[in-house]
Structure formats: structure tokens, C-alpha cells
Amino acid sequence: MWSVRSVSVLLLAVIASAQGANILGLFSSHSQSHLIIHMSVAKALAEAGHNVTVVSMMQPKVMHKDIHLIVVPATEEQERIMDEQLTTMAGQKNSAISTVSRLLSGMDVMIKAQADLLSHPSFQRIYETKFDLMIMGYFLNDFQLGVAHKLKVPVIIDWMTAPIPLMDEITGNPSELSYVPNIATSATQPMSLLKRAENLAKHLIIQYMKILFDIKVSRIYEDIFGKDEILPTISELRRNVSMVFVNCHLISEGPIRPMVPGLVEIGGIQVKDKADPLRKDIAEFLAKSPQGAILLSLGSNIKGTAVKPELIKTIFKVLSGLKQNVIWKWEELDNTPGNASNILYNKWLPQDDILAHPNTKLFITHAGKGGITESQYHGVPMVALPIFGDQPGNAEVMQSAGYGLSLDLLSITEESLGEALKEVLENEKYTKAVRKFSSLYRDRPLTAKQSVLYWTEYILRHHGASHLQSPAVHMNFVELYNLDLYVILLSILFLLLIILRLVLKAMWRKLRGKRENHSKKLKTH
Ligand SMILES: *[C@@H]1O[C@H](CO)[C@@H](O)[C@H](O)[C@H]1NC(C)=O
Ligand SMILES: *[C@@H]1O[C@H](CO)[C@@H](O)[C@H](O)[C@H]1NC(C)=O
Ligand SMILES: *[C@@H]1O[C@H](CO)[C@@H](O)[C@H](O)[C@H]1NC(C)=O
């Protein structure tokens with residue numbers, strides 16, 4: 001008896017020493033959808049007993065009672081401009097490239113707000129705690145790597161989607177332009193000649209914008225941390241990042257591509273393993289939906305009212321005429337698009353739990369990565385109404401995978417929307433395809449939560465992970481692509497050709513000389 005107890009006490013002690021690390025989560029993006037992903041990572045760690053401190057700019061929707069939360073809001077002026085920028089983007093068509101270029105040129109405020117945060121007194125308090133690890137939610141904030149440098153802790157970067165070129169660069173992951181479409185190119189594999197050309201062109205544009213961005217970010221970094229005596233450059237700090245978490249699962253989602261060990265997939269971290277019980281009004285509404293229910297959400301960045309009123313009217317007309325019940329995410333409850341017995345408006349919806357409900361038959365979405373992931377996880381087909389950023393790309397990939405249809409939100413009509421809804425609700429092929437994906441997506445050796453926990457504790461145990469880093473991180477462009485070697489080989493080949501030519505010339509001359517001599521001799525005879 002005694003020995004069993006002492007063993008279990010010992011075991012507890014071992015577990016306690018492996019756990020209870022002091023982890024800093026620096027999640028300063030002004031976007032609730034980014035924050036949901038980062039907070040899900042923090043929550044998984046807090047649930048496992050780690051002492052997690054999170055710094056964010058807004059109150060997160062995902063929380064855990066043991067997380068120490070420090071909210072440092074942006075100034076009112078900054079908030080206003082950031083909201084405005086997100087709203088203007090909703091008003092016009094946006095290609096991924098124009099969005100990226102706007103992010104880089106126009107998003108000074110987003111960058112500035114994240115820089116200001118570091119000198120705020122509430123933030124300065126974090127330097128009083130001895131941390132073991134920092135997790136940085138990435139969004140135009142590379143200069144914040146200086147915080148980890150000051151704390152002398154390893155860094156994990158958390159990124160919201162599949163790897164983008166910058167995450168490839170940080171981990172030394174190959175970009176493979178000939179068969180891996182980048183975020184700006186919406187394409188399925190394999191790519192045609194034209195798509196490959198598009199992919200290469202967009203890659204070069206992104207690289208160019210990255211150079212401009214680097215200059216900007218380095219300047220901010222030096223402004224903030226320049227007082228320290230020995231300041232590593234920002235690229236040195238990037239090369240010192242231990243690991244990057246990416247929110248994807250390639251073998252079910254594609255595109256298939258190489259992944260170095262420093263890139264770890266945690267796709268679906270924000271999706272709960274088990275649904276929470278639904279609020280009473282929603283649960284009753286769903287239970288009373290014998291024909292099935294539809295969930296409509298146009299995202300958390302853009303308030304429903306930022307979309308043109310005519311479009312909202314069109315959506316309302318079509319939905320109020322359906323036999324299915326509709327749950328509509330709508331911010332202003334005293335100013336709804338209209339009253340209908342089959343529509344329930346709600347400000348903040350437990351989207352994930354509603355999608356998990358067996359009566360939910362369709363999801364109408366703005367095609368944010370998070371919403372699509374949840375819908376795919378639960379096997380619910382979609383009608384996408386993308387607006388900007390990565391949404392049109394997400395929607396196109398979703399449609400070509402056969403999980404639903406995509407319409408351009410700015411040009412929908414009653415007919416086009418009505419037809420798309422009817423098709424997805426009545427043609428079984430969409431539901432079948434998305435259910436098949438759902439079973440592939442859940443089939444993994446470690447769940448997303450387990451991956452976060454395992455790899456974070458791995459980094460803690462080994463105080464960083466330089467041993468698993470790709471050597472490509474420390475090679476320059478010339479070395480990485482063996483350009484020096486090719487130049488040497490070409491030079492040797494060239495040299496050999498010259499020598500060969502000289503030898504042949506000499507032999508030719510000798511031969512001719514002999515023949516001439518010979519013929520001369522013949523003539524004289
Ligand atoms: C947990 O983190 C907070 C900082 O947010 C710190 O004040 C506290 O001392 C930590 N607790 C332990 C047990 O280290
Ligand atoms: C919808 O009904 C509510 C009361 O239930 C009412 O206050 C509101 O004005 C109605 N809206 C419209 C557009 O008819
Ligand atoms: C690099 O990371 C290690 C932990 O992985 C950390 O101890 C060290 O301070 C970092 N170096 C710099 C220059 O920040």
C-alpha cells in the first residue's frame with residue numbers, strides 16, 4: 001500500500017516539475033479571429049497546469065480561469081482607424097495581393113499600436129516575472145521578438161493559417177514554387193504552366209513587399225530596444241525562433257508540400273473536441289427545426305451593418321422564404337434586417353457548438369479560415385460569401401474541394417443566392433464530400449491540443465530546439481541554391497571547352513601542316 005502511494009506521490013512530483021512553466025503569450029493583433037486561435041493555444045497549456053500570462057489588445061472570447069490576462073488597449077484614435085480600415089476593405093473587391101500591399105503600406109497604425117504596447121506600464125510589469133518560454137501570435141509584429149531576447153527565453157511563433165513565405169523563411173522550409181501554391185495564388189495541385197507563372201510572379205511580389213516591410217520593422221525594433229548595449233539584428237532573432245505552429249493539416253486539406261520539423265501543424269486548435277451544451281434559446285430553436293437549420297455568420301472583424309444595406313435586404317428576403325430555420329449572427333439587435341418566424345438573431349454565437357448540432361445542415365460564411373475549419377471539422381456543407389483578405393482564396397479552395405458553393409458577396413442577387421442555397425441543401429454530394437473530409441481531418445496521431453502541449457513542453461525540456469532547426473535558416477541565398485557551386489561547375493566546363501578548342505586547333509594545324517608538307521613533297525618529286 002505504502003509503496004503504491006509513494007510511487008504515485010513521486011509520479012505527481014515528476015509531472016509537477018515538467019508542468020507549471022511560466023509561459024508568456026504575446027497576442028497583440030487587433031483581430032478577434034486571430035485572438036481566438038492564439039487563446040486556444042494558451043488555453044490548452046493552462047488546462048495542463050502551466051502558468052500562462054497573456055498580453056492582448058482586446059478582451060478575448062476564449063479564456064481560461066487560470067490565465068493571467070493583461071489587456072493593453074490601443075488608443076481610441078488607433079481603434080477607430082483600425083476598424084475603419086477593416087470596414088473599407090469590406091466595401092470593395094480585393095485580391096490577395098492588393099490586401100497584402102494595403103496591409104504593408106496602410107497598416108502603419110496596426111504596426112504602431114503593437115509597438116506602443118511594449119512601452120505601456122502594464123506591459124513593462126512582465127519583465128518582473130521569470131518566464132520560461134514566449135509564444136508570439138504573429139501579425140506584422142516581428143519587432144516583438146526583442147521581448148523574448150530581453151527575457152532570454154525560447155520563442156514559439158503561432159500563425160493563423162498554413163505556412164506563408166515568412167514562416168517558411170523563419171524555419172528554413174522550402175517554398176517549392178512549381179507545385180506549392182502560395183497564399184496569394186488560389187490553385188489546386190498540380191498547377192498548369194500559367195498557374196505556375198502566376199505563382200512565381202506573386203512570390204516575387206511578396207518577396208519585394210517583404211523587403212520594404214523588413215526595413216520598416218527593423219527601424220521600429222531599433223527604436224524600442226536600441227538602448228540595450230548588444231542588440232542582435234531582427235534577422236538574428238528570427239533565426240533563433242525555436243518553432244512555428246501553423247494552423248493547418250496538410251494531408252487532409254492540401255496543398256501537399258514539404259514541412260521541416262520546426263513547423264508543427266496544430267490545425268483546428270480552436271475547435272473543441274467536445275461541444276458545450278448550447279444556450280437554452282438556441283438549443284430549443286435547433287430542436288424545433290425538423291427541416292434542418294442554417295447558420296449565417298459574416299465574421300467577427302466586420303459588423304453585419306458594414307455590408308451595404310441592399311445586400312442585407314437581399315439575404316433577408318431569400319432566408320425568410322426558406323422552410324429551414326436560420327440562426328443569424330447580427331450585432332445590433334434593435335436594428336435587425338427584418339422579422340421572420342424562421343430567423344433567430346444573436347450577437348455572439350457559439351458557432352462551433354451550433355455546427356456540431358446534428359440538425360445544422362448548412363453554414364453561410366464569409367469564408368474566414370476559422371469558420372471553414374469548424375464547418376469542415378463537423379462535416380457541414382457551406383455557401384461562402386467572401387469579402388477580402390484570404391477569404392476569396394479560402395472560398396475557392398472550399399468550392400473546388402466540393403464542400404459547397406461560393407458567391408461574390410458584393411454581386412449576389414435573390415436568384416443567385418436562392419439557387420446556391422437550394423443546390424447545397426438538396427444535392428447530397430456536398431454533404432458527402434465534407435463528411436469524408438471530416439473523417440480524414442480527425443485521423444491523426446496527436447490531436448491539435450496534444451500537439452501544442454507535447455511540442456511546447458519539448459521546447460521547455462530542451463531549452464529551445466536549435467538541434468531540429470533546418471540548416472537552411474543559416475544559409476544565404478547563394479549557398480542555399482548552390483549558386484556558387486553552379487558557377488564553379490560552369491567555369492570548369494567553360495575552361496575545359498577552351499582547352500579542348502586549343503588542343504583541337506593545335507592538332508588541326510599539325511595535321512594540315514603535315515598534309516601540306518606531304519603534298520609539297522609530292523609536287524617536288
Ligand atoms: C505566474 O505568473 C505570474 C505573472 O503573470 C506571476 O506573477 C506568478 O508569480 C507566477 N506564478 C508562479 C507560481 O510562478
Ligand atoms: C421586429 O419585431 C420587434 C418586436 O418583436 C419590433 O420591435 C421591431 O420593430 C420589428 N422589426 C421590424 C423590421 O419589423
Ligand atoms: C536564442 O534562444 C535561446 C533559447 O532558445 C535563448 O536562451 C537566447 O537568449 C536567444 N538568443 C538571443 C540572441 O536572443
Side-chain angles (χ1 to χ4, degrees), residues 94-105 138-140 142 157 159-215 217 235 238-239 241 243-265 267 369 386 389-401 468-487 489-490:
N94 280 280
S95 70
I97 287 284
S98 77
T99 305
V100 173
S101 86
R102 195 169 300 119
L103 275 177
L104 294 187
S105 61
Y138 183 84
F139 193 64
L140 311 173
D142 308 52
I157 285 183
W159 172 244
M160 293 77 67
T161 64
I164 52 168
L166 185 65
M167 300 306 143
D168 284 342
E169 190 188 312
I170 288 173
T171 53
N173 200 49
S175 294
E176 301 293 1
L177 296 174
S178 66
Y179 64 95
V180 182
N182 67 46
I183 39 153
T185 314
S186 34
T188 47
Q189 291 175 303
M191 291 191 279
S192 64
L193 177 69
L194 220 63
K195 274 286 172 195
R196 280 188 284 131
E198 181 188 334
N199 202 39
L200 176 61
K202 285 184 170 168
H203 179 81
L204 293 177
I205 296 172
I206 291 175
Q207 290 311 100
Y208 169 69
M209 290 192 292
K210 217 192 102 299
I211 293 172
L212 300 184
F213 173 67
D214 267 356
I215 295 171
V217 165
S235 359
R238 277 199 197 120
R239 287 197 286 271
V241 168
M243 190 163 271
V244 174
F245 287 161
V246 281
N247 203 305
C248 59
H249 182 244
L250 299 187
I251 58 174
S252 59
E253 294 172 321
I256 297 302
R257 58 171 302 171
M259 291 270 249
V260 292
L263 267 175
V264 168
E265 295 181 306
K369 173 79 181 168
D390 62 340
Q391 298 162 3
N394 294 340
E396 197 177 314
V397 171
M398 183 279 290
Q399 175 170 279
S400 60
L468 61 66
Q469 194 175 43
S470 164
V473 171
H474 301 279
M475 294 167 83
N476 63 36
F477 186 81
V478 171
E479 293 166 337
L480 185 58
Y481 294 99
N482 265 342
L483 299 183
D484 43 0
L485 201 54
Y486 293 140
V487 168
L489 282 178
L490 281 177

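These numbers come from a predicted model, not from an experiment. Computed over heavy atoms, backbone and side chain alike; hydrogens, waters and symmetry mates excluded.
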Smallest separation among heavy atoms of S175 and R257, with atom names: CA-NH2, 4.4 Å
Can you name the salt bridge (Lys or Arg N to Asp or Glu O under 4.0 Å) partners of E169, sequence neighbours left out? K210
So, for V260 and P174, which heavy atoms are closest and what is the spacing to 0.1 Å? CG1-CD, 4.3 Å
Side chains of N247 and T161: closer than 4.5 Å at any heavy-atom pair? no
Side-chain contact, heavy-atom cut-off 4.5 Å: M259 with P163? yes
List for me each residue that meets side chain to side chain contact (heavy atoms under 4.5 Å, CB included) alongside A472, sequence neighbours excluded, and say none if there are none. S470, L480
What distance separates Y179 OH from R196 CZ, expressed to the nearest 0.5 Å? 13.0 Å
Using the rule given for side chain to side chain contact (heavy atoms under 4.5 Å, CB included), can you reason through D168 versus L263, listing the C-alpha separation, both sets of side-chain angles and the distance that settles it, and then say yes or no? CA-CA 8 Å; D168 284 342; L263 267 175; 4.2 Å; yes
Main-chain N/O of E479 paired with N476 side-chain donor or acceptor, under 3.5 Å: yes
Can you sort out the partners of R238 under salt bridge (Lys or Arg N to Asp or Glu O under 4.0 Å), two or more places apart, ordered by chain and number? D142, D214
Between L468 and P261, which heavy-atom pair has the shortest distance, and what is it? O-CG, 3.8 Å
To the nearest 0.5 Å, how far apart are OG in S178 and CE in M191? 6.5 Å
When you compare the side chain of P258 with that of E176, does any pair of heavy atoms fall below 4.5 Å? yes
N199 and N182, any side-chain heavy atoms less than 4.5 Å apart: yes
Surrounding CG of L194 (heavy atoms of other residues, nucleotides or ligands, distance under 6.0 Å), is the total greater than 12? no
By ring-ring contact (aromatic ring centres under 6.0 Å, His included), which residues pair with Y138, not counting sequence neighbours? W159
So, taking the atom named CG in L140 and the one named CZ in F213, what distance separates them when rounded to the nearest 0.5 Å? 5.0 Å
Locate the shortest heavy-atom distance separating L200 from L177; write the atom from each residue and the value. CD1-CD1, 3.6 Å
Using side-chain heavy atoms (C-beta onward) and a distance below 4.5 Å, is T171 in contact with M243? no
Considering non-hydrogen atoms only, spot the tightest contact between L250 and I256 and give its length. O-CD1, 3.7 Å
With sequence neighbours excluded, residues passing salt bridge (Lys or Arg N to Asp or Glu O under 4.0 Å) with E253: K369
Quick check on I251: does its CD1 atom have over 12 non-hydrogen neighbours (other residues, nucleotides or ligands) under 6.0 Å away? no
Do H249 and E265 pass the side chain to side chain contact (heavy atoms under 4.5 Å, CB included) test, and can you show the C-alpha distance, the side-chain angles, and the key distance before you say yes or no? CA-CA 6 Å; H249 182 244; E265 295 181 306; 4.2 Å; yes
In chain order, what residues pass the ring-ring contact (aromatic ring centres under 6.0 Å, His included) check against Y481, with sequence neighbours excluded? F477
Between Q469 and R239, is there a donor-acceptor pair closer than 3.5 Å when you use the side chain of the first and the backbone of the second? yes
How long is the straight-line distance from CD1 of I205 back to CD of Q207, given to the nearest 0.5 Å? 11.0 Å
